[in-house]
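Each chain gets a letter, A, B and so on, in the order the sequences are listed, and its residues count up from 1. None of the values given here were measured: they were computed from a predicted structure.
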Amino acid sequence: MDPVALASLVLVLALFILLGTGVWIALSLLTAGFIVFAFFAPLPPGSIMASTIWDASWNWALTALPLFVWMGEILMRSGLSSSLFRGLSPWVAGLPGGLMHVNVIGCGVMAAVSGSSAVTCATVGRMSIPELTQRNYDSRMMVGSLAGAGTFGLLIPPSIIMIVYGVVAQQSVARLFIAGVLPGLMLILLFSGYIALWSKRNPDRTGDLPQGQTLAEKVRASRELIPVVLLIVAIIGSIYGGIATPTEAASIGILGALILAGVNRTLTREMFVESLLSATRISCMISFIIACAACLSIAVGFADIPRVAAGWVRDLNLSPTGLILVLTLFFLILGCFLEGISILVLSSSVVLPMIHAVGIDPIWFGIYAVIVIECAQITPPVGFNLIVLKSMTGRGVGEIAAATFPFLLLLLFAIVLIVAFPQIVTFLPDLMFR
Amino acid sequence: MLRRAVHLLANICGYMAAGFLAAIAVATLVQIAARQLGQPIETTELSGFFLAASTFLGLAYTLVNGGHVRVSLITQFVPPTIHRAVEIWVCLVAVLIVGFMTWHVGHFAYETYSFGELSPGLLAIPMWIPQSTVAFGLVVLLLAVLEQAVMVLRGQEPDYATNADSVVE
């Protein structure tokens with residue numbers, strides 16, 4: 001057996017055993033890196049792993065990550081959920097499917113100010129679950145659309161996972177953010193369209209509508225949304241216009257989120273400390289995984305696995321579409337057991353040279369990977385959105401996953417669309433400053 | 001007593017980590033404000049150091065609060081005796097790898113100190129200062145992992161498992 005194949009086998013086995021037995025993901029990556037280094041690289045592991053983990057931990061591009069996490073944690077506690085519900089419901093009440101669309105559009109709006117799918121799902125669900133239940137909406141559809149639309153948090157900028165991808169793939173985070181806008185809008189349309197179609201076909205299972213409102217009443221109700229809209233414009237606009245880096249946009253976002261909480265009278269000392277500590281834990285967990293994954297990447301690189309894997313893909317003469325098909329299956333299987341960021345950093349050192357070998361645009365691949373990871377957020381047994389909704393509704397993970405299944409298919413359909421029409425992804429970033 | 005001290009240390013470092021996180025935002029806002037006033041201040045390098053400090057000082061605090069993700073699928077569904085064996089294995093791996101990294105990162109920071117290496121940006125501070133926050137964070141993580149391992153060996157449910165429900169990405 002040649003050394004590279006043996007190293008790959010050892011790597012896969014080590015990761016399987018470490019992750020499977022429940023060793024923390026970051027430490028699993030570190031340990032697997034150590035094993036590959038110790039047996040298959042010509043250098044002692046200690047000093048290289050130490051300098052690698054240090055270099056990966058003060059990467060400036062990564063500073064946007066804790067800030068966007070904190071911003072999301074502030075907004076989640078700022079009373080935004082009720083503003084979203086009250087502001088959006090008069091406008092969607094006339095559509096087939098009624099207030100169910102608040103789940104989809106509310107998640108879209110929330111996703112444009114928060115970078116995480118769990119925060120998006122929890123913030124919108126906090127208000128819409130009790131309100132829709134009270135109005136006799138179909139509970140299956142309610143839970144499914146919420147879990148599905150919550151994943152917009154990953155795709156619609158700002159996005160934590162795009163920062164992670166930008167850092168590991170050395171791509172511009174600003175361009176990734178902008179590339180996510182059109183696919184995000186497309187998914188909102190797909191999800192809302194499905195809800196409308198479903199309620200046309202099941203007229204007996206739609207819920208009660210609020211009484212009709214005049215235009216003036218509608219406008220008054222949506223006044224509460226003005227601060228959020230301003231925040232979205234400030235963040236996405238400043239990045240798109242090239243005025244601010246993602247880190248700067250995030251700092252302004254934090255300021256805006258604190259002001260919004262102040263306006264809503266939810267800004268207290270406890271809320272401030274709680275949001276900051278929660279953000280510290282989440283960002284510590286993610287940044288540590290990234291730093292540990294850097295050690296694994298460098299070990300894998302020393303063992304020559306990425307070059308051989310890329311050559312192997314080249315020799316197979318796989319078309320880009322063929323490779324995407326294989327990778328989609330691979331990511332979906334991983335997604336049943338791991339959460340998105342781990343999948344991304346775990347596979348990047350081998351997968352990125354492969355996509356380079358067949359000539360896939362790395363920005364496009366980033367958006368593709370985010371949509372596949374959205375699927376991973378809602379596949380059992382490990383899907384973060386399922387777990388969030390389990391704690392909010394008290395239903396079983398299996399039941400929630402079954403309700404979410406149509407939306408999983410819609411996400412897969414979106415992948416087909418961006419493979420067939422890559423312009424959906426590349427159009428806006430191509431217009432951007434170079 | 002010793003265990004209380006470890007918890008206290010982990011919490012203090014956790015609050016420091018939170019402080020460093022907020023400091024990234026403050027430093028960036030200062031940079032933006034200064035630019036508007038025509039006074040360019042460069043804080044990107046400083047923000048990077050704050051990020052490293054925040055991540056590593058927060059490690060032990062995040063561990064004790066169940067914030068580090070892991071695949072708990074198997075450990076959930078096995079009988080209690082095997083469950084305990086698996087947890088002992090998990091803690092053993094963690095102690096070994098964290099111990100290894102602590103030693104080498106500490107050594108790395110000491111080498112930078114003895115070479116007198118300065119940071120590459122305009123700030124030009126000695127590199128060992130930010131590096132020592134990383135090394136110290138790893139030391140505290142090692143202490144916390146050892147403390148959790150003792151809990152597992154005594155047959156108690158470790159804190160990282162009891163607190164794990166609140167974790168979301």
Side-chain angles (χ1 to χ4, degrees), chain A residues 18-28 30-31 34 46-47 49-51 53-54 57-60 62-63 66-67 70 116-119 122 160 244 247-248 250-252 254-255 276-277 279-289 291 337-342 381-382 384 387-388 391, chain B residues 14-15 17-18 20-22 24-29 31-32 44-45 47-52 54-59 61-63 65 67-75 86-87 89-90 93-94 96-98 100-101 103-109 111 130-131 134 160 165-169:
Chain A
L18 289 164
L19 292 171
T21 50
V23 176
W24 291 277
I25 289 173
L27 297 181
S28 298
L30 208 52
T31 312
F34 171 80
S47 62
M49 285 175 75
S51 63
I53 207 168
W54 161 248
S57 59
W58 70 291
N59 184 337
W60 176 76
L62 207 55
T63 52
L67 300 185
W70 188 21
S116 129
S117 103
V119 165
I160 303 299
T247 309
E248 291 168 346
S251 319
I252 294 171
I254 288 172
L255 209 57
L276 183 57
L277 284 177
T280 304
R281 289 193 297 268
I282 295 169
S283 120
C284 167
M285 178 265 285
I286 302 174
S287 308
F288 190 50
I289 290 180
F337 305 98
L338 290 171
E339 46 72 56
I341 288 168
S342 312
V382 180
F384 264 112
I387 295 166
V388 169
S391 67
Chain B
Y15 279 100
F20 277 115
L21 198 163
I24 302 174
V26 172
T28 311
L29 286 172
Q31 180 180 313
I32 297 170
T44 50
E45 187 177 46
S47 298
F49 293 154
F50 286 166
L51 173 70
S54 174
T55 304
F56 283 81
L57 289 175
L59 284 177
Y61 165 74
T62 307
L63 177 89
N65 285 286
H68 289 298
V69 284
R70 58 194 204 125
V71 183
S72 51
L73 216 56
I74 296 180
T75 43
V86 172
E87 289 296 349
W89 148 260
V90 166
V93 172
L96 288 177
I97 192 71
V98 173
F100 174 82
M101 285 314 286
W103 169 256
H104 282 283
V105 171
H107 185 73
F108 175 69
E111 272 187 344
Q131 283 172 356
V134 172
Y160 62 77
D165 54 2
S166 59
V167 198
V168 285
E169 179 211 341

For this session: Give the C-alpha distance, both sets of side-chain angles, the deciding distance and a yes or no for side chain to side chain contact (heavy atoms under 4.5 Å, CB included) between B:Leu63 and A:Phe288.
Result: CA-CA 11 Å; B:Leu63 177 89; A:Phe288 190 50; over 6 Å; no
Which portion of [X] sits near chain B, non-hydrogen atoms under 4.5 angstrom:
{"X": "A:Ile252", "answer": "both"}
{"X": "A:Trp24", "answer": "both"}
{"X": "A:Ile25", "answer": "both"}
{"X": "A:Ala279", "answer": "both"}
{"X": "A:Ser47", "answer": "backbone"}

Nearest heavy-atom neighbours spanning [X] and [Y]:
{"X": "B:Gly48", "Y": "A:Trp58", "value": "O-CB, 3.3 Å"}
{"X": "B:Leu21", "Y": "A:Leu67", "value": "O-CD2, 4.1 Å"}
{"X": "B:Gly14", "Y": "A:Leu277", "value": "O-CD2, 4.5 Å"}
{"X": "B:Gln31", "Y": "A:Glu248", "value": "NE2-OE2, 3.2 Å"}
{"X": "B:Ile24", "Y": "A:Pro66", "value": "CD1-CG, 4.0 Å"}
{"X": "B:Ala25", "Y": "A:Trp70", "value": "CB-CZ3, 4.2 Å"}

Count the heavy-atom pairs under 4.5 Å between each of [options] and chain A, then report the option with the highest count.
{"options": "B:Phe20, B:Tyr61, B:Trp103", "result": "B:Tyr61"}
{"options": "B:Ser54, B:Ala94, B:Ala52", "result": "B:Ala52"}
{"options": "B:Gly106, B:Ala109, B:Ser47", "result": "B:Ser47"}

Between [atom1] of [X] and [atom2] of [Y], what distance do you get to the nearest 0.5 Å?
{"X": "A:Thr280", "Y": "B:Tyr15", "atom1": "OG1", "atom2": "OH", "result": "10.0 Å"}
{"X": "A:Thr31", "Y": "B:Met101", "atom1": "OG1", "atom2": "CE", "result": "10.0 Å"}
{"X": "A:Met49", "Y": "B:Ile97", "atom1": "CE", "atom2": "CD1", "result": "5.0 Å"}
{"X": "B:His68", "Y": "A:Leu27", "atom1": "NE2", "atom2": "CG", "result": "7.5 Å"}
{"X": "B:Thr62", "Y": "A:Ile286", "atom1": "OG1", "atom2": "CD1", "result": "11.0 Å"}
{"X": "B:Gln131", "Y": "A:Ile53", "atom1": "CD", "atom2": "CD1", "result": "12.5 Å"}

Problem set entry | Intermediate values then yes/no, side chain to side chain contact (heavy atoms under 4.5 Å, CB included), B:Thr55 and A:Ser57 | CA-CA 8 Å; B:Thr55 304; A:Ser57 59; 5.6 Å; no
For the interface with chain B, which of [options] has the highest count of heavy-atom pairs at distances below 4.5 Å?
{"options": "A:Ser287, A:Ala291, A:Ser391", "value": "A:Ser287"}
{"options": "A:Asn59, A:Leu30, A:Leu18", "value": "A:Leu30"}
{"options": "A:Gly20, A:Ala26, A:Ala244, A:Ser342", "value": "A:Gly20"}

Which region of [X], side chain (C-beta onward) or backbone (N, CA, C, O), has a non-hydrogen atom less than 4.5 Å from a non-hydrogen atom of chain A, or is it both or neither?
{"X": "B:Val71", "answer": "both"}
{"X": "B:Val26", "answer": "neither"}
{"X": "B:Phe50", "answer": "neither"}
{"X": "B:Leu59", "answer": "both"}

Problem set entry | Geometric class of the B:Phe49/A:Trp54 ring pair [parallel <30°, tilted 30-60°, perpendicular >60°] |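 Parallel, since the angle between the ring planes stays under 30°.
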Exercise. Around B:Trp89, counting heavy atoms of other residues, nucleotides and ligands shown, do more than 12 lie under 6.0 Å from its CH2?
Worked result: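 No.
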Exercise. Among B:Thr44, B:Leu51, B:Thr28, which residue meets the side-chain contact (heavy atoms from CB on, under 4.5 Å) test with A:Thr247?
Worked result: B:Thr28
Exercise. Run the side chain to side chain contact (heavy atoms under 4.5 Å, CB included) check on A:Ile254 and B:Leu29 step by step: do they pass?
Worked result: CA-CA 10 Å; A:Ile254 288 172; B:Leu29 286 172; over 6 Å; no
For this session: Would you mind reporting whether A:Ile341 and B:Val69 have side-chain heavy atoms less than 4.5 Å apart?
Result: no
